[in-house]
Amino acid sequence: MAQPSRRRPGQDGPLLTQRAAIVFLLASLAGIGATVLAALAGNAWPVAVSIGGGVIAPAVLFFNQIID
């Protein structure tokens with residue numbers, strides 16, 4: 001159900017909702033964790049960062065689905 005807007009005219013609201021901020025925070029933590037694990041597994045840093053970056057998009061989709 002759509003909620004009515006709580007913003008008053010002439011005032012700026014937040015850029016992200018609390019739900020979106022939590023989803024992005026958890027996705028970024030999952031990406032950082034994957035990067036660290038890949039680096040500890042012996043991959044070079046550029047490869048580890050690429051692996052961590054590849055984890056972020058599915059993590060956003062996953063956390064968006066489970067956080068309701």
Side-chain angles (χ1 to χ4, degrees):
M1 178 183 302
Q3 295 180 357
S5 178
R6 297 181 197 157
R7 292 177 33 190
R8 288 181 249 160
Q11 291 185 346
D12 291 335
L15 294 177
L16 291 174
T17 63
Q18 289 179 349
R19 181 175 182 266
I22 293 296
V23 167
F24 288 136
L25 173 68
L26 291 173
S28 64
L29 290 175
I32 291 170
T35 301
V36 170
L37 288 175
L40 290 175
N43 291 316
W45 276 105
V47 174
V49 171
S50 297
I51 291 170
V55 167
I56 292 176
V60 168
L61 295 174
F62 174 73
F63 290 123
N64 189 33
Q65 288 292 320
I66 65 168
I67 296 176
D68 191 16

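A distance of 4.5 Å separates CG in N64 from CZ in R19, rounded to the nearest 0.5 Å.
Between S28 and L25, the closest heavy-atom pair is OG-O, 2.8 Å.
The side-chain contact (heavy atoms from CB on, under 4.5 Å) test applied to V55 returns A30, A34, not counting sequence neighbours. Not counting sequence neighbours, the partners of I22 by the side-chain contact (heavy atoms from CB on, under 4.5 Å) test are L26, I67.
No chain of hydrophobic side-chain contacts below 4.5 Å, direct or via other Ile, Leu, Val, Met, Phe, Trp or Tyr residues, connects F24 to L15. The cluster map of Ile, Leu, Val, Met, Phe, Trp and Tyr, joined by side-chain heavy atoms under 4.5 Å apart, puts L16 and V60 in the same cluster.
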Identify all side-chain donor-acceptor contacts of residues 42-54 below 3.5 Å with residues at least two apart in sequence or on another chain.
residue, atom, partner, partner atom, Å
N43, ND2, A38, O, 3.3
S50, OG, P46, O, 2.9

